[in-house]
Participant: 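Take this structure, written in structure tokens, and hold onto it; I'll ask about it next.
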Amino acid sequence: MKIMKMLVLVLSCVLCVSADIPHEDGRIGGCSDSDGEMMYALDGEEKWYADFANKRGVEPQPDFIDHMSYQEGTYEQAVANQQICKQNLKIARDGIKEPLKFDAPSTPMIYTRDKLELGEENHLICHVTGFYPAPVKIYWTKNEENVTEGTSINVPFPNKDGAFSQMSRLEFIPQLGDIYSCSVKHVALKQPLTRIWDVEKTQPSIGPAVFCGLGLTVGLLGVAAGTFFLIKGNECS
């Protein structure tokens, strides 16, 4: 929710009649955190305004008209009105402002776009979700060195619960020994969330399959040998 920066307290127009000629008299007062305004006008032309920067009242009236001066104390009254305006501004903010809720993102997930093949071009994807507001900042490293080339990030995508998800991609060629990391920064986090991705640890291990295959082969050879000797023994008897 956008925080209100300006509150106009008074906007008044008074219709006056003089010699059967109507005139419109106006007064505008307003304030903000860093500025304020108090101005009197006649028929859309400024007659007097408060110059709060130089602490004085200004009467920007052209020379060809009968000059109209405001009574002493008009500027001081404008300063007092500014104090009242800022108090009312604070009350209005407290009454209508909803506190901004911050939701930290989940721990990022890293996975490859395609099946992992050493030496083959691929993409690492860093996915993070559950954060509010958007966006997050995502950083990549390779072997503890920052990487920016070949990286991209999508726009935040809204979830059904009102939070957001976002993904970053890194083009890479997997090689044994390489270690990558994805770090996520967000306003709700005191420190970045980091996930490590190791090419070697991600490679499927071939040891169990080899031993399993070897054991099965030895077992089959044992069965074959036993069957052979059983047949030969029957023939001898």
Side-chain angles (χ1 to χ4, degrees), residues 1-3 98-234:
M1 176 180 179
K2 184 179 290 184
I3 298 176
E98 296 179 2
L100 186 60
K101 181 182 178 182
F102 295 101
D103 290 328
S106 61
T107 301
M109 297 174 55
I110 300 182
Y111 52 91
T112 58
R113 184 191 66 180
D114 306 317
K115 181 180 178 181
L116 183 64
E117 298 287 348
L118 294 178
E120 297 293 331
E121 292 185 1
N122 207 327
H123 286 76
L124 271 181
I125 297 175
C126 180
H127 179 265
V128 62
T129 188
F131 58 89
Y132 183 89
V136 293
K137 294 183 178 180
I138 300 178
Y139 303 89
W140 291 94
T141 67
K142 175 184 177 182
N143 300 326
E144 300 184 354
E145 296 289 335
N146 292 329
V147 177
T148 57
E149 185 176 357
T151 63
S152 62
I153 189 169
N154 71 332
V155 296
F157 187 84
N159 301 334
K160 291 182 178 180
D161 60 0
F164 289 88
S165 298
Q166 202 163 2
M167 291 190 301
S168 178
R169 295 174 177 82
L170 171 65
E171 299 175 7
F172 82 120
I173 298 177
Q175 302 289 349
L176 289 178
D178 287 342
I179 299 176
Y180 294 84
S181 77
C182 164
S183 296
V184 177
K185 291 184 177 181
H186 186 259
V187 65
L189 295 172
K190 293 183 178 179
Q191 58 185 10
L193 295 174
T194 301
R195 174 62 65 91
I196 305 297
W197 192 85
D198 190 329
V199 175
E200 187 169 354
K201 291 182 179 180
T202 310
Q203 273 286 96
S205 176
I206 62 174
V210 170
F211 287 115
C212 180
L214 180 59
L216 179 60
T217 303
V218 172
L220 290 176
L221 289 176
V223 172
T227 303
F228 172 79
F229 286 113
L230 178 61
I231 294 173
K232 285 297 183 182
N234 290 333

Participant: Backbone N or O of Asp114 within a donor-acceptor pair of the Asn122 side chain at under 3.5 Å?
Facilitator: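 Such a contact is found between Asn122 side chain and Asp114 backbone.
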Participant: Just to verify, what does Arg113 make a side chain to side chain donor-acceptor pair (under 3.5 Å) with, not counting sequence neighbours?
Facilitator: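 Counting only residues at least two positions away or on another chain, Arg113 forms a side chain to side chain donor-acceptor pair (under 3.5 Å) with His123.
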Participant: Any idea which heavy atoms bring Pro105 and Val184 closest together, and the distance?
Facilitator: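 Closest pair (atom of Pro105, atom of Val184, distance): CG-CG1, 4.2 Å.
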Participant: Please step through side-chain contact (heavy atoms from CB on, under 4.5 Å) for the pair Thr194 and Ile196, ending with a clear verdict.
Facilitator: CA-CA 7 Å; Thr194 301; Ile196 305 297; 4.2 Å; yes
Participant: List in chain and number order the residues that pass side-chain contact (heavy atoms from CB on, under 4.5 Å) with Tyr111, two or more places apart in sequence or in another chain; answer none if no residue qualifies.
Facilitator: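 Scan of Tyr111 (side-chain contact (heavy atoms from CB on, under 4.5 Å), adjacent residues dropped) gives Ile125, His127, Met167.
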Participant: Find the distance between CD1 (Ile179) and NZ (Lys201) and round it off to the nearest 0.5 Å.
Facilitator: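 Rounded to the nearest 0.5 Å, the CD1-NZ separation comes out at 7.0 Å.
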Participant: Which atoms form the tightest heavy-atom contact between Ile110 and Leu124, and what is the distance?
Facilitator: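 So the minimum-distance heavy-atom pair works out to CG2-CD2, 3.7 Å.
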Participant: Of all heavy-atom pairs between Leu189 and Leu193, which one has the smallest distance, and what is that distance?
Facilitator: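 Shortest heavy-atom contact: CD1-CG, 3.9 Å.
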Participant: For residues 181-202, which residue pairs qualify under ring-ring contact (aromatic ring centres under 6.0 Å, His included), counting only residues two or more places apart or in two chains?
Facilitator: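 Every pair satisfying ring-ring contact (aromatic ring centres under 6.0 Å, His included) with a residue in residues 181-202: Phe131-His186, Phe172-Trp197.
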Participant: Which heavy atom of Gly162 sits nearest to which heavy atom of Tyr132, and what is that distance?
Facilitator: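 Closest approach of Gly162 to Tyr132, heavy atoms only: O-CD1, 3.6 Å.
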Participant: Evaluate Ile138 against Thr151 for side-chain contact (heavy atoms from CB on, under 4.5 Å), listing each step before the verdict.
Facilitator: CA-CA 10 Å; Ile138 300 178; Thr151 63; over 6 Å; no
Participant: Output the distance between atom CG (Leu170) and atom CD1 (Ile153), rounded to the nearest 0.5 Å.
Facilitator: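 If we round to the nearest 0.5 Å, Leu170:CG and Ile153:CD1 are 12.5 Å apart.
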Participant: Kindly state each residue pair satisfying side chain to side chain donor-acceptor pair (under 3.5 Å) with at least one member in residues 156-180, sequence neighbours excluded.
Facilitator: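 Side chain to side chain donor-acceptor pair (under 3.5 Å) check on residues 156-180 returns Thr129-Asn159, Thr129-Ser165, Trp140-Ser168, Asn143-Asp178, Asn159-Ser165.
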Participant: For Thr141, check side-chain contact (heavy atoms from CB on, under 4.5 Å) against everything at least two apart and list the hits.
Facilitator: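 With neighbours one apart ignored, the set is Asn146, Ser181.
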Participant: Does anything in residues 108-195 pair up under disulfide bond (SG atoms under 2.5 Å apart), and if so which pairs, sequence neighbours excluded?
Facilitator: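 Listed once each, the pairs are Cys126-Cys182.
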